[in-house]
Amino acid sequence: QDVELSKDQIYNLISIAPNMKMGHFAFPCFPLAKAAKSAPNMISGKLAESIQSKGIIAEAKGVGPYLNFIVNPAVLAAELTEEIISGKFFEKELVAERPKTMIEYSQPNTHKELHVGHMRNLCLGNALVRIKRYADQEVVSVTYPGDSGTHVAKCLWYLKYHNKESIPETNKGPWLGKIYTKANLMLEDELGTDKEAKNREQLTAILKELASEKGEYFDLWKETRQWSLDMMEETYKWADVKFDRWFFESEVDTPSLALANKLYEEGKLVKDDGAIGMNLEDDKLGFCILIKSDGTGLYATKDVALAVKKFEEFGVENNIYIVDTRQAFHFNQVFKVLEKIGFDQAKNCHHLQYNFVELPDGAMSSRKGNIIPLNDLVTQMEAHISKEYLEKYSDDWSKEEINSTASIIAKGAINYGMTRFDNNRKIVFDMKEWLKLDGETGPYLQYVFARINSLCDKLGYSEDLSPDFSSLEKDSEIALMIKLSAFNDIVVQCHEKNSATALCSYLFELGKLFNSFYAECSIAKAETEDLKNSRLVLSKSVSLVMKKGLSLLGIDAPQRM
């Protein structure tokens, strides 16, 4: 009896078989049972009888409810390695739907120091932008720095009334962040003292002047804001991140209040105890305030206006916000307000949550100053890498290569460490663990790539090699080929789930499989020249897939290390 399954449905049901002895790929027959009015194990047997050995398929056999396929290693190796080495493997059409998608990520506050906790958002956003673009999606990448509000007033207040330090010639952004911490600690210390009222008065005056966009505090804001933006630009350059658009909190301050007032005049918002907003109690989201009783707006006010601006300016079909899990209620309120004011694209706004990064001894806080500043961290990591891993090459390598390789490895450690965990899991940052060459780390994968690179150079790999792959028959060789063939499927999975975790796991497993293959299958001392060249071409293919996979995580692969 005919059972209708599309080509895509069939393809999506096929997976790598868990036991290589029983087969290499498996198709579950459960979805066919009802329509065929037959048991899955009977179906798998009948299907196996009807499939002829041909080309890449050496044999099909029923194993319980699964139809298992055994591949012809020579055919698979020839087709797969040719596609990978020519680059065609990385240019395939992977998904049919291509909605224009905006990804908003990395929303650091100006006047604060960038620290290791900021890197989870940055690394996740960067990886998703790269993964989706690889899957041929049109992606608009944007950032939304917080350059207005109380934290700015506190920093300017300290600079004006209490700072006794001279402004440094360089690294003004990180220095400004330390000033913010000092301001916050001083204000907390003086709560409940006779200085509290005066401090509050001075902060209010600063905020009013900033809102008026003129005066000495406004001029100081513009100058110091630029210091923070320079720091951010430097970090993004180091991380190889580029944004298509920088939205700023300050640019939606006034328009967001105007929009909220307009919505109130149209009867879409209500007044409650002096504040203007929307009652969302029926949706179990409380009362969303958009204009406080003193006439000022909140984050929700700005996010409503920003959403409208994003769709109008870029005509996107999807709008993904990468923001930590603490903001879940906030975005639920904002999206519900957008829906109820008749903004059709509200349904296309998605909050992609992630959990925090902590230090081994607990949570970080810029306010309290218990952070690892990013500048300091990178310096420490690069020094550790140079001393522990690269110093032994000082006679052969130039100082420039040692420094640039240390920077590449540090970046690899951070990017991999920040993306390998499920978005919902907390991350505990531990520098020495993340830099290990023998664990699930970025440097381990970079080392696998560099090792293959060195091997190929040493044993005379050339693109002109076209060996007869019929001698590739060991399990570790076949396992490596099958793993390589799965790369694009893993990328699609990451694109669909908005997570880079599966790609991280895949690359780690690929690295381990290569090491098993290398230990079991000698290349230099292979029995024949054809076998040596077959293994060399297979190794080169692993290095190219590894390099591409790392690049999708924002990680460079050093030629040697």
Side-chain angles (χ1 to χ4, degrees), residues 14 16-26 53-60 68-92 444-490 506-550 557 559-560:
I14 296 171
I16 295 173
N19 184 345
M20 294 275 289
K21 303 291 181 193
M22 306 294 286
H24 299 136
F25 294 94
S53 300
K54 187 181 176 185
I56 210 162
I57 299 172
E59 185 186 351
N68 282 10
F69 298 94
I70 293 170
V71 300
N72 181 325
V75 178
L76 177 60
E79 290 185 7
L80 186 62
T81 59
E82 190 280 325
E83 280 200 332
I84 291 171
I85 289 167
S86 68
K88 288 184 284 189
F89 184 76
F90 306 116
E91 294 165 359
K92 295 190 172 189
Y444 166 75
L445 299 178
Q446 291 171 314
Y447 182 66
V448 170
F449 170 81
R451 185 183 182 194
I452 299 173
N453 220 42
S454 168
L455 182 77
C456 288
D457 287 347
K458 185 178 169 186
L459 297 180
Y461 168 80
S462 155
E463 284 191 16
D464 297 330
L465 293 178
S466 53
D468 174 0
F469 291 98
S470 58
S471 49
L472 292 180
E473 52 190 25
K474 287 186 180 286
D475 283 352
S476 58
E477 294 166 331
I478 298 168
L480 204 49
M481 292 180 224
I482 289 169
K483 195 70 177 176
L484 286 172
S485 73
F487 176 75
N488 284 326
D489 293 329
I490 294 296
Y506 169 87
L507 294 175
F508 180 58
E509 288 159 14
L510 181 64
K512 287 194 297 182
L513 280 174
F514 176 80
N515 285 337
S516 298
F517 152 78
Y518 185 68
E520 186 186 331
C521 305
S522 175
I523 300 176
K525 296 178 181 176
E527 290 87 340
T528 66
E529 192 68 13
D530 240 350
L531 182 56
K532 172 194 164 185
N533 290 339
S534 296
R535 287 173 176 171
L536 206 50
V537 170
L538 183 57
S539 299
K540 184 65 179 180
S541 300
V542 172
S543 79
L544 293 172
V545 169
M546 183 67 77
K547 184 175 184 178
K548 178 60 74 176
L550 288 171
Q559 292 299 104
R560 55 181 185 168

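Quick note: numbers below take in every heavy atom, side chains included, and nothing from hydrogens, waters or symmetry partners. Along the sequence shown, the residues carry numbers beginning at 1.
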| Closest approach of E477 to L531 (non-hydrogen atoms, all atoms of both residues) | OE2-CD1, 4.2 Å

| I523 side, atom CD1; L459 side, atom CG - distance, nearest 0.5 Å | 6.5 Å

| task | Working to the nearest 0.5 Å, report the span between NZ of K512 and CG of L445. | result | 11.0 Å

| Minimum heavy-atom distance between D475 and K21, given as atom pair plus value | OD2-NZ, 2.9 Å

| Any side-chain heavy-atom pair from L455 and Y518 closer than 4.5 angstrom? | yes

| message | Could you report the tightest heavy-atom contact between A58 and S53, atom names first, then the distance? | response | O-OG, 2.6 Å

| request: Grab the two heavy atoms, one from M481 and one from P73, that are nearest each other, plus how far apart they are. | output: SD-O, 3.7 Å

| request: Using the test side chain to side chain donor-acceptor pair (under 3.5 Å), find all partners of N488 that sit at least two apart in sequence or belong to another chain. | output: Y134

| request: With sequence neighbours excluded, tell me which residues meet ring pair (Phe, Tyr, Trp, His ring centres under 6.0 Å) with F69. | output: none

| field | salt bridge (charged side-chain N to carboxylate O under 4.0 Å, His left out) contacts touching residues 444-463 (sequence neighbours left out) | value | none

| said: Once rounded to the nearest 0.5 Å, what's the spacing between atom NZ of K532 and atom OG of S522? | reply: 10.0 Å

| Which pairs count as salt bridge (charged side-chain N to carboxylate O under 4.0 Å, His left out) when at least one residue sits in residues 69-91, sequence neighbours excluded? | E82-K88, E83-K92

| So Y506 and F487, would you call those rings parallel, tilted or perpendicular, with 30° and 60° as cut-offs? | tilted

| task | Could you label the plane-to-plane angle of the F514 and F517 rings as parallel, tilted or perpendicular, counting under 30° as parallel and over 60° as perpendicular? | result | tilted

| Any idea which heavy atoms bring D489 and S485 closest together, and the distance? | OD2-O, 4.5 Å

| pair F25-N68: side-chain heavy atoms closer than 4.5 Å | no

| query | Does the side chain of L76 come within less than 4.5 Å of F469's, by heavy atoms? | reply | no

| query | Once you round to the nearest 0.5 Å, how far does CG of L513 lie from NZ of K483? | reply | 6.5 Å

| query | Should I57 and I70 be marked as a side-chain contact (heavy atoms from CB on, under 4.5 Å) after you check the CA-CA gap, both sets of side-chain angles, and the distance that decides it? | reply | CA-CA 6 Å; I57 299 172; I70 293 170; over 6 Å; no

Name the atoms and distances for all side-chain donor-acceptor pairs under 3.5 Å in residues 536-550, with sequence neighbours left out.
unit_1 : atom_1 : unit_2 : atom_2 : d
S539   : OG     : R535   : O      : 2.8
S541   : OG     : V537   : O      : 3.0
S543   : OG     : K540   : O      : 2.7

| Between F508 and Y444, what is the ring plane arrangement, given parallel below 30°, perpendicular above 60°, and tilted in between? | perpendicular

| said: For a quick check under 3.5 Å, do S470 and D468 share a side-chain donor-acceptor pair by atom type? | reply: yes

| task | Only counting residues at least two apart or in another chain, list the ones meeting ring pair (Phe, Tyr, Trp, His ring centres under 6.0 Å) with Y461. | result | none

| field | Spatial distance of atom CG (N533) from atom CG (L465) [nearest 0.5 Å] | value | 4.5 Å

